[in-house]
Amino acid sequence: MNIALVAHDVYKNLLVDFVIAYKHIFQKHQLYATGTTGRRISEAAKLDVIRLRSGPFGGDQQIGAMIAMDDIDLLIFFRDPISALGHEPDITALLRLCDVQQIPLATNLGTAEMLIRAMENGFLSWREEIRKYDSPRLNGTENI
Ligand SMILES: O=C(CO)COP(=O)(O)O
């Protein structure tokens, strides 16, 4: 599975600890992350992470573009629910695209834990099936 990981500053430590706790699962998958989140995870968890731009510089939009192309299977995004951020439109757009593409999305630790355990137990294997029929790459709508 292709897993995208994003955390705003207040939750970066939480996400790093979460990835370390479930490293035995994460290490079996391809990880993507926004810039600073990815650096923190790769340094602390010693996992390979494909790092995109930092969120305020387009990282959320890069992940959104991957989701639009059905290239991400699961997004864990520990967003800051208190502070307003300058790139709020990018954040909203990313969350919206998850709903457009039916991508499992966790915005807090409780849901993230359930999704990761569910994935480990095969509950997200429907993603492989849906990709065959619903992928913009395969159903001919990628140029629309
Ligand atoms: O701002 C972000 C997501 O909106 C996260 O970006 P960083 O991982 O670069 O801090």
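Worth saying up front: this structure is predicted, and the values here are computed from it rather than measured. Numbers here are sequence positions counted from 1. Whatever order the structure lists ligands and atoms in, that order sets their numbers, starting from 1.
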Close side-chain approach of S42 and L47, heavy atoms under 4.5 Å:
no
Residues 114-126, side-chain donor-acceptor partners within the protein, below 3.5 Å, at least two apart:
| unit_1 | atom_1 | unit_2 | atom_2 | d |
| --- | --- | --- | --- | --- |
| R117 | NE | Y22 | OH | 3.0 |
| R117 | NH2 | Y22 | OH | 3.0 |
| E120 | OE1 | K28 | NZ | 3.3 |
| E120 | OE2 | K28 | NZ | 2.8 |
| N121 | ND2 | R117 | O | 2.8 |
| S125 | OG | G122 | O | 2.8 |
| W126 | NE1 | F123 | O | 3.2 |

Can you tell me if D48 has over 12 outside heavy atoms packed within less than 6.0 Å of its CG?
no
May I ask you to decide whether D99 forms a salt bridge with R96, counting only side-chain N to carboxylate O separations under 4.0 Å?
no
With side chains defined as the heavy atoms from C-beta onward, is the minimum distance between R79 and L95 less than 4.5 Å?
yes
Heavy-atom count around Y11 OH within 6.0 Å, excluding the residue itself: above 12?
no
Note every protein N or O atom lying under 3.5 Å from an N or O atom of ligand 1, pairing the names and giving the distance.
| unit_1 | atom_1 | unit_2 | atom_2 | d |
| --- | --- | --- | --- | --- |
| ligand 1 | 1 (O) | H87 | NE2 | 2.9 |
| ligand 1 | 4 (O) | H8 | NE2 | 2.7 |
| ligand 1 | 4 (O) | D60 | OD1 | 2.9 |
| ligand 1 | 4 (O) | D60 | OD2 | 2.8 |
| ligand 1 | 4 (O) | H87 | NE2 | 2.8 |
| ligand 1 | 6 (O) | T34 | OG1 | 3.4 |
| ligand 1 | 6 (O) | G55 | N | 2.9 |
| ligand 1 | 8 (O) | T34 | OG1 | 2.7 |
| ligand 1 | 8 (O) | T36 | N | 3.4 |
| ligand 1 | 8 (O) | T37 | N | 2.8 |
| ligand 1 | 8 (O) | T37 | OG1 | 2.5 |
| ligand 1 | 9 (O) | T36 | N | 2.9 |
| ligand 1 | 9 (O) | T36 | OG1 | 3.0 |
| ligand 1 | 9 (O) | S54 | OG | 2.5 |
| ligand 1 | 9 (O) | G55 | N | 3.3 |
| ligand 1 | 10 (O) | K12 | NZ | 2.7 |

